[in-house]
Amino acid sequence: CNKADLGPISLNWFEELSSEAPS
Amino acid sequence: HSAEQTEIAEVPAWDSLNPGTLQLVSKLKNPSGSCSVDVSATWWEIAGFKEPCVITACEYVVSLWKPLDAWQWEKIYSWHFTEVPVLQIVVVPDVCSLVCVALGNLEIREIRALFCSPDGKSEKQVLLSSGNIKAVLGLAKRRLVSSSGTLCDQQVEIMTFAEDGGSKEKQLLMPPEETILTFAEVQGMQEALLGTTIMNNIVIWNLKTGQLLKKMHIDDSYQASVCHKAYSEMGLLFVVLSHPRAKENELLGSPVFQLTVINPKTALSTGVMLYRLPHGQAGRFLEGDVKDHFAAAVLTSGTIAVWDLLLGHCTALLPPVSGQSWSFVKWSGTDSHLLAGQKDGNIFVYRY
């Protein structure tokens, strides 16, 4: 598979999604 | 072929697969008259020592077997149920001397905890939750997650057991707007939990905050995928899925498991690898289990197939024994053995 097809990658995705998601 | 031989250089034809990669080490016979439904392994404290025990479930009896010398087993406890039959065993990691079971007919109606009196002389059971339960999974750090209710009143609940299996804390997670089919832990990320939904989405929660972080749609070629394993690497989420409703493809063989990669930030995903049956082998996925990089599945043909997910292909086939199809298969969580069961109560322990 081609990584580029998946869009920008973040190593801290879990923390970033947690700060963006409604709580 | 030696029992240790697990590496096969090329994709083998089914008739050259080495059945010796699975070596029978032990057999349990459950004499209960009712139909066998599940098997699992768990740690149980017996006379002050933690022993790797086997749990078997028939429709109305769950039994605990302790290991004796020379791969023999002795049944030491049995929990009986009279009204609602057992559907599955739910092991809660990091809890010793307690196991949960899901009871129901087609759908789960109750989750019960099974344990013993402090003196070890009598079996005890307690009702943990009841209702229209859709999915349940034991999680690391003595937690149990379950989802219940229908779309508009769906409830996702985490129950945390005390170290001795006693008192419990409860916490709710934000429900997605679609029915959850299964849960999966994310290896190495104890605060992350995945769920697969009926709309072929994967949802992810933060277990610490209860937040629903993302809904990610996966390939529509297979409906109602089940997630067996997940891990995060280099910012990407890898999931091992099975497709219980996939149609058999005569040319390519049925894909039994699939490795898919998802970017959790963008929710974009793509298939990495399909784990198919060897040429000449028919059948679809009925049920299965994944541990580390090994996947095992019972097929509609009654055979068990094992894949090495790193090698990318099937490494062992276990045809029905004594003319009896296999009904369920589990990797033992207490060692690296495969537990294979037949409806009549025969449980076979294989070394892989």
Side-chain angles (χ1 to χ4, degrees), chain A, chain B residues 156 171-177 184-195 201-219 221 230-241 258-274 312:
Chain A
C1 68
N2 187 352
K3 266 189 176 181
D5 299 341
L6 299 172
I9 293 166
S10 167
L11 292 179
N12 299 317
W13 61 268
F14 189 73
E15 292 72 19
E16 289 172 17
L17 291 180
S18 297
S19 66
E20 292 160 11
S23 49
Chain B
V156 189
Q171 179 206 350
L172 289 177
L173 304 182
M174 284 174 74
E177 289 159 349
E185 286 192 282
V186 183
Q187 210 172 286
M189 296 180 73
Q190 292 195 334
E191 299 312 329
L193 177 71
L194 293 189
N201 285 310
I202 289 188
V203 289
I204 183 152
W205 287 276
N206 180 329
L207 289 177
K208 210 168 193 172
T209 60
Q211 289 167 292
L212 180 65
L213 300 183
K214 197 91 174 175
K215 189 192 285 188
M216 305 168 287
H217 193 68
I218 43 172
D219 190 1
S221 24
Y231 56 95
S232 175
E233 217 170 82
M234 306 294 283
L236 296 170
L237 194 58
F238 291 81
V239 291
V240 177
L241 306 169
Q258 179 178 23
L259 179 66
T260 291
V261 61
I262 307 168
N263 181 351
K265 283 290 281 184
T266 59
L268 295 170
S269 65
T270 184
V272 177
M273 194 176 301
L274 287 172

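So that the names make sense, note that chain A is the first sequence line, chain B the second, and so on, each numbered from 1.
With rounding to the nearest 0.5 Å, the separation of OG in A:S23 from CG in B:L212 is 12.0 Å. For the atom pair CG of A:L6 and CD1 of B:I262, the computed distance is 9.5 Å after rounding to the nearest 0.5 Å. Within the model, atoms CG of B:N263 and CG of A:D5 stand 11.0 Å from one another, a figure rounded to the nearest 0.5 Å.
The closest donor-acceptor contact from the side chain of B:N206 to the backbone of A:S18 lies at 3.5 Å or more, if one exists at all.
Closest heavy-atom contact between A:A21 and B:L213: CB-CD2, 3.9 Å. Of all heavy-atom pairs spanning A:F14 and B:W205, the tightest one is CE1-O, 3.8 Å. What you find for B:M234 and A:I9 is that their closest heavy atoms are O-CG2, 3.3 Å.
At a 4.5 Å heavy-atom cutoff, the contact between B:M189 and chain A is made by side-chain atoms alone. Contact of B:S232 with chain A is made through the side chain alone, with heavy-atom distances under 4.5 Å. Using a 4.5 Å cut-off between heavy atoms, B:E233 makes no contact with chain A at all.
Counting heavy-atom neighbours within 6.0 Å of A:E15 CD, excluding the residue itself, gives a total above 12.
The closest side-chain heavy-atom distance from A:W13 to B:L237 is below 4.5 Å. By the 4.5 Å heavy-atom criterion applied to side chains, A:E20 and B:K265 are counted as neighbours.
Ranked by heavy-atom pairs shorter than 4.5 Å toward chain A, the options B:K208, B:Q211, B:M174 are led by B:Q211.
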